[in-house]
Protein chains: 2
Amino acid sequence: MATGRTHRPATRSRGIPEATVARLPLYLRALTALSERSVPTVSSEELAAAAGVNSAKLRKDFSYLGSYGTRGVGYDVEYLVYQISRELGLTQDWPVVIVGIGNLGAALANYGGFASRGFRVAALIDADPAMAGKPVAGIPVQHTDDLEKIIEDNGVSIGVIATPAGAAQQVCDRLVAAGVTSILNFAPTVLSVPDGVDVRKVDLSIELQILAFHEQRKAGEPTAAAHGVAGAPAAPTAPAAAAAASAPAAPAAAAATPGSRKGRPEGDVPAVMPA
Amino acid sequence: MATGRTHRPATRSRGIPEATVARLPLYLRALTALSERSVPTVSSEELAAAAGVNSAKLRKDFSYLGSYGTRGVGYDVEYLVYQISRELGLTQDWPVVIVGIGNLGAALANYGGFASRGFRVAALIDADPAMAGKPVAGIPVQHTDDLEKIIEDNGVSIGVIATPAGAAQQVCDRLVAAGVTSILNFAPTVLSVPDGVDVRKVDLSIELQILAFHEQRKAGEPTAAAHGVAGAPAAPTAPAAAAAASAPAAPAAAAATPGSRKGRPEGDVPAVMPA
DNA sequence: CAATCTTTGTGCACACGTTCACAAAGACAT
DNA sequence: ATGTCTTTGTGAACGTGTGCACAAAGATTG
């Protein structure tokens, strides 16, 4: 089962650490801003502040690219912009297809930062025949039937999936079969891909849940209240006991809003049931 | 400079590792799917496959929550759904505001996975007076002027920023001042926040650039061609030399599309200039 | 040309995350 | 009840990422 390629074979040759690669775009953005203000050089300290990272980390990151700085001075902005762009492969043109032109897909198609910096929306694809031909962000939507042809004709190697979760795996399979080797997945599903295909996922729901975790922790710490078995149901130690009641837990009321910082009229919350 | 809280003070008490927290939503999703199919129990192996992770990792992750499994059998699905939900704070109701109702903001407001599982869109906020009152996803858009009042009245502690980059920091400051302590940022900027405020960022452009890096690497490895100083300009070792030409490098043509796997008519690519 | 000052590049130690591999727990059959 | 079989929970080894602290490089000044 080749699910998502977990283990990377330790980036070969002059491998740049994954964590560094993930930060390069951040540096590049900060550098581009400096470049536009015609700032000639920048120190690791300044650039690090602009990118929101530690300066030692930044210097180490750059050291993987080579020694592009000048001691006592800093880094040449323009030169560094070029080096990072080259390292990230942004001096090439990357045609991208977006599959699934719903609200999100349309938003992505319109997103400016998308088109800049080497990426070009080569095609918009949707399964709805009614969408076909309708222009979104100035680009006519094409039907899924032509997916393979579109990929090949445009030499697309990066695909963006913005379909509902149910369709994602199928779309993914077709993209991969047609030659796409990098996928940016916005659908809330785990995609299975063969070796050699990269998948990155963007999941709003997951991000929110992570925030909620920390938020709960923050709220629980000061008062040290919500620990232990907060009045909840479910047998203390025996998990199998849950089989008794088919509706196990969650209820106990999708209770009070946590951040009751400022006095808030109680009961005005529609209490949305989770799932 | 409190930029993004880099060092966490080592998650206190019975701290759950950050990496584990980030995976819990993934497990929860897989478990919910099983629950809907009325599957009573699941083994770490099966669940790991569904979530796209290593089974040992999953077991270790669960071990931080306590011992909820039964050896020789596996985990009780319903019970685990509840435990994870509780740990993530999803048994509470989290009102969320979305600021910036452009294409992306509207897409987020309409996003289904957003509303489910404890999160509730409490308000949509935009700076454009023309938007005020106009309903998006059934919720009337309110003006930025009322931001503080909206936050307080609804007890909002989680804010989503979907504004243009230029407005993001300002909006962030106001959200934080009004009491928001968790921010999900879609604007391509580094946000500065005081201690105690969590920021998570979702950046399409960065994700694409990371994919491009790997894509380039894939393309460069087989032929072992594009290494070294690929015909580029710029002085070999002296960075300062770049000061000579104000337009340093990038040119050399925003050249040929990389994935020329299948023979593709050359020159049909509009050659988008990066910056 | 020597002294001083700034800032890079990196060795080292430590923290965090991942994976292996296996003992122990429990289910289940006989 | 005893033995076998499955699957968890975790100790330990390893790999990756982070941050300190400092030597060495080069600019700059007198």
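Every chain is numbered from 1, with letters handed out A, B, ... down the list of sequences. Remember, it's a predicted structure, so these values are computed and weren't measured experimentally.
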Select from A/Ala56 and A/Ala19 the residue whose nearest nucleotide in DNA chain D is closer to the 5' end of that strand. A/Ala19

For nucleotides 2-4 of chain D, tabulate all protein N/O to nucleotide N/O atom pairs closer than 3.5 Å, reporting atom names and distance.
none

Nearest whole angstrom, please: distance from the P of C/dG9 to the CG of A/Leu58. 10 Å

Sequence-distant partners of B/Tyr75, ring pair (Phe, Tyr, Trp, His ring centres under 6.0 Å), two or more places apart: B/Phe62

Evaluate side-chain hydrogen bond (donor to acceptor under 3.5 Å, both in side chains) for A/Tyr27 paired with A/Asp61, printing each intermediate quantity in order. CA-CA 10 Å; A/Tyr27 302 145; A/Asp61 283 342; 2.5 Å; yes

What is the distance, to the nearest angstrom, from the CD atom on A/Glu18 to the C1' atom on D/dG17? 12 Å

Find the distance between CD (B/Gln209) and CD1 (B/Ile206) and round it off to the nearest 0.5 Å. 7.0 Å

Using nucleotides 6-8 of chain D, report all nitrogen or oxygen pairs with the protein that are shorter than 3.5 Å.
unit_1	atom_1	unit_2	atom_2	d
D/dT7	O4'	B/Gly72	N	3.0
D/dT8	OP1	B/Ser44	N	2.5
D/dT8	OP2	B/Ser44	OG	2.5
D/dT8	O2	B/Arg71	NH1	2.9

Select one nucleotide: of C/dG17, C/dT18, D/dT18, the one nearest the side-chain heavy atoms of A/Lys57. D/dT18

Whole-Å gap separating C1' (C/dG9) and CG (A/Leu65): 13 Å

Between the side chain of A/Gln83 and the main-chain N/O of A/Leu65, is any donor-acceptor distance below 3.5 Å? no

Phosphate contact (D/dC20 OP1 or OP2) by A/Asn54 side-chain N/O below 4.0 Å: yes

For a quick check, tell me whether the side chain of A/Lys60 and the base of D/dG19 share a donor-acceptor pair closer than 3.5 Å. yes

With the side chain defined as heavy atoms from C-beta on, B/Ser63 is closest, among C/dC20, D/dC20, D/dT10, to D/dT10

Is there a donor-acceptor contact under 3.5 Å from the side chain of B/Ser85 to the main chain of B/Val81? yes

Would you find a donor on one side and an acceptor on the other, under 3.5 Å apart, between the side chain of B/Trp94 and the backbone of B/Gly89? yes

Between C/dG26 (C1') and B/Asp76 (CG): distance, integer Å: 16 Å

N-O pairing of A/Arg29 and B/Asp203 below 4.0 Å: yes

Starting at CD1 of A/Ile158, measure out to CG of A/Asp198 and round the result to the nearest 0.5 Å. 10.0 Å

Supply the atom-to-atom distance A/Leu58 CG to A/Arg23 CZ, rounded to the nearest 0.5 angstrom. 8.5 Å

